Amino acid sequence: MVNLTTLNLAQAKEATGMLLDQLGLPAYLFEVEPCEGAHWQVRVDCAADDGWQSLTIPVDVKRLLDSATNPRARAQMLADWARTLGVYRRPSPNVS
């Protein structure tokens with residue numbers, strides 16, 4: 001279990017921002033919300049074709065913090081979040 005500290009919260013926000021950037025969302029806002037225990041929440045507001053959509057993703061805070069420095073943890077988090085947020089990703093540009 002990770003104790004709630006200002007440093008952990010800042011690191012969790014930084015890791016979340018990096019993950020969301022890597023997912024290629026065209027526009028988003030997010031907030032990391034600490035909760036009791038090992039699971040926190042990431043609240044994401046994403047631009048969609050019909051306006052903004054809000055989603056809440058439960059996250060294991062240890063995995064989230066590990067994703068900043070551990071490529072395997074990052075790849076797993078990206079895969080998990082891609083299933084949830086994939087519909088909001090921008091299309092890959094065509095390479096000619």
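Everything quoted here is computed from the prediction, not taken from an experiment. The analysis underlying the following values was restricted to heavy atoms, covering all of them including side chains, and did not include hydrogens, waters or symmetry mates.
- Remark: Asp66 engages Lys62 in a salt bridge (charged side-chain N to carboxylate O under 4.0 Å, His left out) (not counting sequence neighbours).
- By the side chain to side chain contact (heavy atoms under 4.5 Å, CB included) test, Ala75 is found to be paired with no residue, residues two or more places apart in sequence or in another chain being considered.
- Val59 has its side chain within reach of Trp81: a pair of non-hydrogen atoms, C-beta onward, lies under 4.5 Å apart.
- The nearest pair of heavy atoms linking Ala15 to Ser67 is CB-OG, 3.9 Å.
- Within the 4.5 Å cutoff, the side chain of Arg74 has heavy atoms near those of the Leu19 side chain.
- For Glu14, the salt bridge (charged side-chain N to carboxylate O under 4.0 Å, His left out) criterion is met by no residue, not counting sequence neighbours.
- Heavy atoms only, all atoms of each residue included: Val42 and Val44 are closest at CG1-CG2, 3.6 Å.
- Cys46 and Leu85 get closest at one heavy-atom pair: SG-CD2, 3.9 Å.
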Stepwise side-chain contact (heavy atoms from CB on, under 4.5 Å) check, Arg43 with Ser54: CA-CA 7 Å; Arg43 201 167 27 98; Ser54 294; 5.7 Å; no

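- Interatomic distance, OG1 of Thr56 versus CD of Gln41, reported as 5.5 Å (0.5 Å rounding).
- Interatomic distance, CG of Asn70 versus CZ of Arg63, reported as 10.5 Å (0.5 Å rounding).
- Of all heavy-atom pairs between Trp52 and Leu29, the closest is CZ3-N, 4.3 Å.
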Pair Asp80-Thr84, side-chain contact (heavy atoms from CB on, under 4.5 Å): steps then yes or no: CA-CA 7 Å; Asp80 291 348; Thr84 303; over 6 Å; no

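- Between Leu64 and Trp40, the closest side-chain pair of non-hydrogen atoms is not below 4.5 Å.
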Chi angles and distances behind the side-chain contact (heavy atoms from CB on, under 4.5 Å) call for Phe30, Leu25: CA-CA 12 Å; Phe30 74 92; Leu25 302 175; over 6 Å; no

Leu23 and Tyr28: CA distance, side-chain angles, deciding distance, side-chain contact (heavy atoms from CB on, under 4.5 Å) verdict: CA-CA 11 Å; Leu23 284 174; Tyr28 64 87; over 6 Å; no

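- With contacts defined as side-chain heavy-atom distances shorter than 4.5 Å, the pair Lys13/Glu31 qualifies.
- Under the 4.5 Å side-chain heavy-atom criterion for Ile, Leu, Val, Met, Phe, Trp and Tyr, Ile57 and Met77 are members of the same hydrophobic cluster.
- Residues Met18 and Leu9 fall into different hydrophobic clusters, defined by Ile, Leu, Val, Met, Phe, Trp and Tyr side chains chained together at heavy-atom separations under 4.5 Å.
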